[in-house]
Amino acid sequence: MHTILHRSAMCGVFALSLGMLAVPFVARSEGSTQVRIDNFTFGPGKISVAKGSTVTWTNEDDIPHTVVLTALGVRSKTLDTDKAFTYQFDKAGTFAYICGLHPNMHGQVVVR
Amino acid sequence: MNISELNPDRRGFLKCMSWAGSAMVWTVAGGIPRARIIGQAEAGDSGFSFAQVSDSHLGFNKPVNTDVTGTFQQALDHVAGMEDKPAFLIHTGDITHLSAPDAFDTAAQMLGATRLPVYTVPGEHDILEEDRKSYLNRYGKGTRGDGWYSFNAHGMHFIGLVNVVNLQGNGLGDLGHEQLEWLEKDVKGLSASTPIVVFAHVPLWIVYQDWGWGTKDGARALSYLKRFGSVTVLNGHIHQVMQKVEGHVAFHTARSTAFPQGVPGVAKGPGPMPVPPGELKNVLGTAKISLVATASPLAIVDTPLAG
């Protein structure tokens, strides 16, 4: 669990610093956003990020969850408690996602 | 809860929850349930019974229950120790917590040690891998589709259904067209007096839609069973006992052997529900279902691990 979390955190830092060196304008809005999964809810349920940003979902429930970005064909592995999944959004758009195990859990990522 | 006070009529609707420490016998005759306390249960039994365990979640290790293997073993010991030994054991899914092969191995060893024939259906936790092989390799033999099947025992017809593969947008379970067509054909040749037992992981009836506790096309499955005089539907998934009777159909969900979940509309969410130390075994348990010889009803005895 720590490996995954650590790696995703590093990715965020790396992307941020690279962006800052290359194009300051992009760097300002790029970064890493965290979404908590708690009590069968994605929080915050709706986030807005800049193109190129990463989003990390961390499961803080006692029950496993997944993250399924249907339109992108992206499906995380099953995330047990404290496990995380990170995805980098390279395309602008509005991406709804669900938990594949509990499809009544909804979230949305708006990529500008 | 004293069911007799409710005086349900034949088409009456009855919904009841049995919680900590309660062990009840359900005798379902022509759609009218009678409840008795455990101990009075044995009178009238024909000698044929089977046991149900559910939601063992092997591999779960959170503070709510750090020894799910131990509590599952205790449940199996209960079953094995029953005075009139059940003919077989039904596990209504979530055998494992994360579909891990070693958890399936442990379950197979523990179930095998009961020396009872075991019939299973998968829960959504048993098919977390894309190809669902861990479950189907062990329990898929002789089944159709995603693992559904039927068999006859003691003049009764048993049907194991799979409603966890294609979970719906609102979280509800789903049987799907192919399985429903199979079910329609499967029961076609049976006489209406054949007692039917259907078992599946997610409740076939809508227990609580907000939490996805129900099966979207469960009503269609039940429409094929309408003409039968005695239909018993056994489910798991919600980790608590709930019962309902509609016409000739008795619905029943079993306790988990691993951890309890909250009561719909009361708890903040459907996750594992912590209970005070020492009380866990009051909310875990097994179910024993007996055929009563006189009128084709089934008696269901829910037994908590403690008490």
Side-chain angles (χ1 to χ4, degrees), chain A residues 1-5 8 34-47 56-87 93-110, chain B residues 55 57 59-66 68 93-94 96-100 103 122-130 132 134 164-174 201-202 206 208-214 216 237-239 256 258-262 264 267-274:
Chain A
M1 113 192 171
H2 289 114
T3 316
I4 295 169
L5 281 171
S8 59
Q34 303 290 324
V35 176
R36 290 173 67 222
I37 307 174
D38 184 32
N39 188 31
F40 291 72
T41 310
F42 295 109
K46 187 176 173 181
I47 55 171
T56 299
W57 289 264
T58 305
N59 182 13
E60 297 179 14
D61 254 346
D62 277 353
I63 286 290
H65 295 290
T66 64
V67 174
V68 182
L69 290 145
T70 316
L72 295 170
V74 172
R75 189 184 184 94
S76 75
K77 285 191 172 172
T78 303
L79 306 174
D80 197 6
T81 309
D82 295 335
K83 291 278 198 300
F85 170 69
T86 299
Y87 183 75
T94 298
F95 303 101
Y97 65 91
I98 58 169
C99 165
L101 291 170
H102 313 97
N104 46 337
M105 293 169 58
H106 293 275
Q108 195 184 70
V109 179
V110 179
Chain B
D55 296 86
H57 283 264
F60 179 89
N61 61 356
K62 304 303 178 299
V64 175
N65 182 0
T66 54
V68 294
D94 283 357
T96 70
H97 190 57
L98 295 168
S99 304
E124 75 279 9
H125 286 255
D126 297 319
I127 54 165
L128 294 178
E129 303 158 307
E130 286 287 311
R132 304 193 284 280
S134 290
V164 293
V165 171
N166 181 27
L167 297 176
Q168 298 296 292
N170 47 9
L172 294 174
D174 180 64
H201 180 65
V202 176
I206 305 291
Y208 194 58
Q209 185 144 347
D210 289 358
W211 290 355
W213 284 6
K216 187 188 165 213
H237 188 58
I238 66 171
H239 296 218
S256 163
F259 54 86
Q261 288 178 171
K268 64 168 186 163
M273 181 181 71

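Reminder, nothing fancy here: chain letters follow the sequence lines and each chain counts from 1.
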Checking B:L167 against chain A: side chain, backbone, both or neither under 4.5 Å from a heavy atom?
both
Between A:P103 and B:G171, which heavy-atom pair has the shortest distance, and what is it?
CD-CA, 3.6 Å
Checking A:L101 against chain B: side chain, backbone, both or neither under 4.5 Å from a heavy atom?
both
Check chain A and chain B for donor-acceptor pairs under 3.5 Å and report each one on its own line.
{"residue": "A:N39", "atom": "ND2", "partner": "B:K268", "partner atom": "O", "Å": "3.2"}
{"residue": "A:R75", "atom": "NE", "partner": "B:E130", "partner atom": "OE2", "Å": "3.1"}
{"residue": "A:T81", "atom": "OG1", "partner": "B:K62", "partner atom": "NZ", "Å": "3.4"}
{"residue": "A:N104", "atom": "ND2", "partner": "B:D210", "partner atom": "O", "Å": "3.1"}

For B:V64, is it the side chain, the backbone, both or neither that has a heavy atom under 4.5 Å from a heavy atom of chain A?
side chain
